[in-house]
Each structure stands twice: as C-alpha cells, then as structure tokens.
Amino acid sequence: MRNLSLRPHKISTEKRADGTIILRSGYPLGPVARTTGDWLEHWAAVAPDRIFIAERSGAGWRSETYLSAFEKVKAVARSLLSRGLNTQTPIVFLSGNSVDHGLLTLAAQYVGIPSAALADQYSLIPEAHPRLVQAIEIVKPKLAYVSDSEKFSKAIELDVFANIAIVSSAAKGKSGIIDFADLLKPNTIDLAAAHGLVGPDSVVKILLTSGSTGTPKGVLTTHRMMCVNQTQIADAYPFIKERPPVIIDWLPWNHVFGGTHNFNLILSNGGTLYIDDGKPVPGLFERSLENLHLVQPTIAFNVPVGFSMLLAALEKDVSLQRKFFADLDFAFYAGASLPQDVWDGFTRMAGDVGVAPPLMATGWGLTEGGPSCTFQHESSRRTGEIGVPVTGIEVKLIPNDDNRYEARVKGPNVTLGYFNTPEATAAAFDEEGFFITGDAFRFIDEERLSDGLRFDGRIAEDFKLVTGTWVRAANLRLDVLACVAHLAFDVVLTGHDRQEIGLLIFPRKGTVATASSDGEVYTSADILAAFAKPLAALAALSLGSSKRVARAMILSEPPSLTDGELTAKGNLNFRRVLARRAAIVERLYNNDEPALIRV
C-alpha cells in the first residue's frame, strides 16, 4: 500500500447493564468551518487559479477555477436575492450534475437559500412524473433549474410548475425561461448582509430519501452537518489534506454520496472535481472510460457495480491501467458490499503495473448522518468492514440477537429532522436523542472491538419463516446476487410466514431476450435451467433453512419507477415490489406452477 498518513482505530466504549454499547472515537473532533462559503472564500484566495470544477465540452473540458467560481457564485447569489428568494423559498434542480448546477447550489448556500436536487429521470421519463410532482409538493420550491429547457420541457410544463420560475443554461429564447447567463449580470444587492445571516444552523439542502423503505422524506441538512462531516473525514484520513484531491465522478448530486460527501470533499480541501457524464450502465460506461483517459484521479469513488465494471474494462486496457493507478491514493466504495474478488483484482492490477495499490476502504452512513458515521481507516485486506465511529459522534448498539446489534447515532453531523413533517421527525429519534437508523451491525471480533464493525443488513428487511427461523434478508440477497450476477440485475427475497425462502428475479437485459413469457414471468425451459444451476450450487452450500433459497421465478416486467418499485438511486423498493406483485408471489409458492424453479 502507498505511504499514506493513516490513523489507527481508537475508540472508547460504554457498556450498559442491558447489553447496550455506546461507541465513540478516541480522537477529538478537529477544527470545523462555519459554512461552506468559508471553504470557497479560502481557496479563491489561496489557490485562485486552481481548477475547482469541470465538465466535458467537445474534446476537452469547460472549467472554473476557485477564483472564477467564487466571483460567479457571488453574482448568482445577488441575482437570487434580487428575485426575492430567501430562506423560505427553496430551489429545486431537475437535471443532473453540471458546472452551472454546482455554481447555483453554492450561490444558494452562500445566502441561506435551501435547495433540493432531484433525480433527472423523474423529469425525463413521463411515466415517472407522478414522482416528480410528489417531490415538488414536498419541497414547495419557488425556482427550478434545468440544464436544457427543451430536453426538460415536458416536466416544466406540468401544472405543478405554474408558479415556479425556471432557470436554464440552455434557455434557447424560450418564453418565460430565465437564461442562466442573466444570473451573472451585475446588480447592487447588498450581498454581505445576506451572507452575514448565514450560520452553522442554516439549512443548506433538503435531501429527499429514496423511499426504498417508505414514503420519501426531506432530510434537513445544515452547514454544520456538512462542515463537521468534512472534518470527520479528514480526521480519519489525514492524507486527504496533504495534497489537493482530484476526482472524476459520476455519482449523482441528488444523492448524499455524490452531492454532499464527494462534492464537499473537493471544496473543503481545495481539490478538483471533473464531472463524469457517463455512468456504470451499458451505453454510458464507455463515456466514463473515455473520461478516465483524460484525467488521472487521486481518489476513486464508486458503487460496487461501478468498480466491478471498471475492473473488467481495465483488464483489457493496460494503458488505462497505468494511467488509472499512477496517482491513485484511495479507492472508496459505498452503497453495498464490494465483492472480494473485485477488491483483490484492483490490488493485483496495481502490482502488475508496478505501483503500490491504493488504500481501499469503506464506511457507513446515511442521508440523515450527513452522511458519514463510521470509517474503516486502518489498512485491511477484506471487503465489508465499515470501521469505527468518526470523531464527534456516538454510535449506540442495542443487542438484537446472536451478537447482532441495532445501530443508532447522535452527533453534530446528524440531522435535526425532516422538512415539514414533525411526526416523522419525532418518530426518528429515541428517548436519548439518538437517530434510529434501522441498520444492524456485528463486531468483527467481540474480543477486540477496535477492529471495528461489519454491516449486517437492515432490521426492517428481515423476516421469519413459519417455523420461527429468522432470515437475514440483506446478507442473503448479496450471497444470491454474487452467484447470479451474470444473469440477474437484482432479486427480491420472499418467505415471510412461509415454509421456505423464495426468490423473484429481475433478469439482466439480453439474458432472456428470446425467451417466452406469459406476461408476468418467463416460462422457457432453457432459461429456467440456466438460472437453476447457480441457485442449486448456492443451496448446496447452505447449512439451514435461514440461508437456503428453495424456489424462484423470473420476472418478465422490469421494476417500475412510476409505481415506486425502483427508487431514484436505482435501488429496488422491496416492499413495493412484493405488494405490487403479490399474485406472482402466490404463484411462486404453488408447486404445480410450470414457471417455478425448484431448487
């Protein structure tokens, strides 16, 4: 591994009579900025000519330095104030990551105007417009931003936008649309007065939860939360401050990982963010590879499927291998557990091109946590370790069963609640003020708590078979996906109050392209046999009913974004899938069903 400044794990523990454990970092919280505007002002003065943010433009990049970005942020902030926006008039972003999106976000933060970024598919897919309307009704914005007024015309023509001003970077002379360039024009608004009212408790963002476990809620995110979290990251990984980080990142800003964690890591440390306009899906991943040929990152952020696709691509391109690993200090994954073979592949590949492998790690967090609450910040060779609490936070671990704990958190990076939903806010915290996460952990070693924690699923996703046996659904789902990843996009476990665990399979595009179906499930014998083989191999390794998938069916209809089966992050809403496809679940447990895969 590279010679990076790392802090060994250090924790303090409080053990209560009922078995509850309170974990805290053994290190103090470092200095914290007052607002995100402090970061921008600092780097505009210290490194005015350094590129802060860039996006693809033709064969190269359109970029803004720290100084040019700061000047534009102040100009846009004046324009927002001149148009009557304030702390009670949020801005909503309908389109994805872009330089103008970033400048407008920072301008709003500079003068205390909250903003909310939405997944662009809510606007671009007409069938998803009900989800867009729901989000607008939650946020109640007074201004909306779109990158291209024509591309997003169907969305902004909805009735819900009748009294919302629209700003676009490509207004194209369309009546009623404000050109982003107009926001850069000078005016005489007193910016200092408005900025002076912004403080640590000012709301920066309203981040909508994905709705994967219920109705989306608006998480109130403050300057304090975001500034504290960046200090916590630097406390765990001191090397980040030793040289300005460079990343090329596709992760969407409507989600806390890309839009808060990664964006602010660059801003707070004077780094450079190249916006990757590709993503790890067929047809767009090629663009990500093209972008990687242009930029050498010092840190790589991605979700496990993204790293898996990248590893496969790098295997075929030695030139890109050398370029990718040359300056790479750190590879950080989140969203799910990284397969061990992918972890090992990156370590091996770095050695093949003659460089020390990057530090590979993850942590655990959530939208309500700003997001980071734990980090693995010791060198490790195993995937799935989420580490120990970050500085300044308390993690409460409540015994669940069999050395498993329910996790709750409290600290300055944790939200104070949800936007305009006091009932949901009250229900989210326990009697001691700890946020109830619903996640479960285990210690890597009960005798050495400082080794850290492992994620062990979500309490709400677990279920019991009729025999009373608990099924740890999240962990079993990952095991299943590992064996059918070449065939399945995702799977949903069934079995609540049943004798056996069942499986609903969403196949990958192309794997069943010519297969016949009855409109609900695939019925082709050869396709059923192809899926049965890896499931049988997995079942042979299962020692009990809690881990043995006994039956499966292959769904012919993909998950519906419109009906809430798919969240904006691309995750499945398991409850919604099971409710919407209840009739198929009944078929799954009919032993005479011809489309049934019996394992």
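Computed over heavy atoms, backbone and side chain alike; hydrogens, waters and symmetry mates excluded. One is the number of the first residue; the rest follow in order along the sequence.
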Notebook entry, point to check: Which value, rounded to the nearest 0.5 Å, describes the distance between R83 atom CZ and T89 atom OG1?
Noted result: 12.5 Å
Next item on the list: Output all residues satisfying side-chain contact (heavy atoms from CB on, under 4.5 Å) with V198, sequence neighbours left out; order by chain, then residue number.
Entry: T35, S202, H223
Check: Which heavy atom of I164 sits nearest a heavy atom of A144, and at what distance?
Finding: CG2-N, 3.7 Å
Check: With distance as the sole test, does S149 use its side chain to make a donor-acceptor pair with the main-chain N or O of A170 at under 3.5 Å?
Finding: yes
Checklist line | Spacing of OG1 belonging to T36 relative to NZ belonging to K205, to within rounding of 0.5 Å | finding: 9.0 Å
Note to self: So, using salt bridge (charged side-chain N to carboxylate O under 4.0 Å, His left out) as the criterion, who are the partners of R78 when residues are at least two apart?
What the structure shows: none
Next item on the list: Sort and list the pairs that fulfil salt bridge (Lys or Arg N to Asp or Glu O under 4.0 Å) and have at least one residue in residues 136-146, not counting sequence neighbours.
Entry: none
Notebook entry, point to check: With sequence neighbours left out, what residues match H9 under ring pair (Phe, Tyr, Trp, His ring centres under 6.0 Å)?
Noted result: H377
Notebook entry, point to check: Do you know the tightest heavy-atom contact between L416 and T425?
Noted result: O-CG2, 3.6 Å
Checklist line | Side-chain donor or acceptor of D100 paired with backbone N/O of F180 under 3.5 Å | finding: no
Next item on the list: With sequence neighbours left out, write down each residue that passes salt bridge (charged side-chain N to carboxylate O under 4.0 Å, His left out) with D201, or none if nothing qualifies.
Entry: R224
Notebook entry, point to check: Can you name the residues that form a ring pair (Phe, Tyr, Trp, His ring centres under 6.0 Å) with F375, not counting sequence neighbours?
Noted result: Y237, F332
Notebook entry, point to check: Do we see a donor-acceptor contact under 3.5 Å between the side chains of Y145 and S115?
Noted result: no
Notebook entry, point to check: What distance separates I166 CD1 from S153 OG, expressed to the nearest 0.5 Å?
Noted result: 11.5 Å
Check: About how many Å separate OG of S560 and CG of L566, when rounded to the nearest 0.5 Å?
Finding: 8.5 Å
Check: Is it the case that more than 12 heavy atoms not belonging to H496 sit under 6.0 Å from its NE2 atom?
Finding: no
Notebook entry, point to check: So does E432 pair up with K410, basic N to acidic O under 4.0 Å?
Noted result: no
Notebook entry, point to check: Is a side-chain donor or acceptor of Q232 paired with a backbone partner of T391 at a separation under 3.5 angstrom?
Noted result: yes
Notebook entry, point to check: How are the rings of W43 and Y66 set relative to one another: parallel (under 30°), tilted (30 to 60°) or perpendicular (over 60°)?
Noted result: tilted
Notebook entry, point to check: What do you reckon, are the aromatic ring centroids of Y333 and F301 less than 6.0 Å apart?
Noted result: no
Item checked: Heavy atoms of other groups near N163 CG, more than 12 under 6.0 Å -> no
Note to self: Pair R408, I398 - check side chain to side chain contact (heavy atoms under 4.5 Å, CB included), show working.
What the structure shows: CA-CA 8 Å; R408 301 181 180 185; I398 301 172; 3.4 Å; yes
Check: Cationic tip of K74 within the cone over F70's six-membered ring, i.e. under 6.0 Å and within 45° of the normal?
Finding: yes
Check: Under a 4.0 Å N-O cut-off, is there an ion pair linking R404 with D462?
Finding: yes
Check: Would you say N413's side chain and G369's backbone share a donor-acceptor pair under 3.5 angstrom?
Finding: yes
Notebook entry, point to check: Which residues satisfy the salt bridge (charged side-chain N to carboxylate O under 4.0 Å, His left out) test with R24, sequence neighbours excluded?
Noted result: E14, E394
Note to self: Side chains of L104 and L80, heavy atoms from C-beta outward: is any pair under 4.5 Å?
What the structure shows: yes
Next item on the list: Examine distances only and state if a side-chain atom of S123 and a backbone atom of A155 form a donor-acceptor pair shorter than 3.5 Å.
Entry: no
Next item on the list: Enter the distance from L208:CG to I206:CD1 here, rounded to the nearest 0.5 Å.
Entry: 8.0 Å
Check: How far apart are the C-alpha atoms of E423 and Y418, what are their side-chain angles, what is the distance that settles it, and do they pass the side chain to side chain contact (heavy atoms under 4.5 Å, CB included) test?
Finding: CA-CA 9 Å; E423 301 85 1; Y418 298 108; over 6 Å; no
Item checked: Non-hydrogen side-chain atoms of E385 and T362 separated by less than 4.5 Å -> no
Item checked: Minimum side-chain heavy-atom gap I436-F429 below 4.5 Å -> no
Next item on the list: Can you measure from CG (D235) to CG (L29) and round to the nearest 0.5 angstrom?
Entry: 6.0 Å
Next item on the list: Please report the closest heavy-atom contact between L265 and P245, naming both atoms and the distance.
Entry: CD2-CG, 4.0 Å
Check: In this structure, are over 12 heavy atoms from other groups packed under 6.0 Å from K151 atom NZ?
Finding: no
Next item on the list: Please examine the side chains of V492 and L572, heavy atoms only from C-beta on, and report whether any two atoms are closer than 4.5 Å.
Entry: yes
Check: Any side-chain heavy atom of I233 sitting closer than 4.5 Å to one from I240?
Finding: yes
Next item on the list: Assess whether side chain to side chain contact (heavy atoms under 4.5 Å, CB included) is satisfied between L85 and L143, documenting all intermediate values.
Entry: CA-CA 8 Å; L85 274 76; L143 185 144; 4.0 Å; yes
Checklist line | With sequence neighbours excluded, residues passing side-chain contact (heavy atoms from CB on, under 4.5 Å) with L366 | finding: W364, E368, C373, F435, T437
Check: Passes side chain to side chain contact (heavy atoms under 4.5 Å, CB included), L578 versus L504? Steps please.
Finding: CA-CA 9 Å; L578 292 173; L504 299 180; 4.3 Å; yes
Check: Does W250 have any ring pair (Phe, Tyr, Trp, His ring centres under 6.0 Å) partners at least two apart in sequence or in another chain, and if so, which?
Finding: none
Next item on the list: For S147 and F152, work out which heavy atoms get closest and say how close.
Entry: OG-CE1, 3.6 Å
Check: Any side-chain heavy atom of H261 within less than 4.5 Å of one from S372?
Finding: yes
Next item on the list: Check salt bridge (charged side-chain N to carboxylate O under 4.0 Å, His left out) between E157 and all other residues, then give those that pass, not counting sequence neighbours.
Entry: K174
Margin query: Once side-chain contact (heavy atoms from CB on, under 4.5 Å) is applied, do any residues pair with R581, and if so which ones, sequence neighbours excluded?
Written below: F506, L555, E557, E565, V577, I584
Next item on the list: Measure across G452 and V388 and return the closest heavy-atom pair with its distance rounded to 0.1 Å.
Entry: CA-CG1, 3.8 Å
Checklist line | Side chains of S288 and D276, donor plus acceptor under 3.5 Å | finding: yes
Notebook entry, point to check: Can you tell me if Q376 uses its side chain to pair, donor with acceptor, with the backbone of E378 under 3.5 Å?
Noted result: yes
Notebook entry, point to check: Can you list the residues that meet the side-chain contact (heavy atoms from CB on, under 4.5 Å) rule with P399, with sequence neighbours excluded?
Noted result: T20, Y405
Checklist line | Lys/Arg N to Asp/Glu carboxylate O, D456 vs R472, below 4.0 Å | finding: no
Margin query: In the structure I gave you, are the side-chain heavy atoms of I266 and F52 within less than 4.5 Å of one another anywhere?
Written below: yes
Notebook entry, point to check: Which heavy-atom pair separates M226 from W39 by the least distance, and what is that distance?
Noted result: O-CH2, 3.9 Å
Next item on the list: Please examine the side chains of F419 and K217, heavy atoms only from C-beta on, and report whether any two atoms are closer than 4.5 Å.
Entry: no
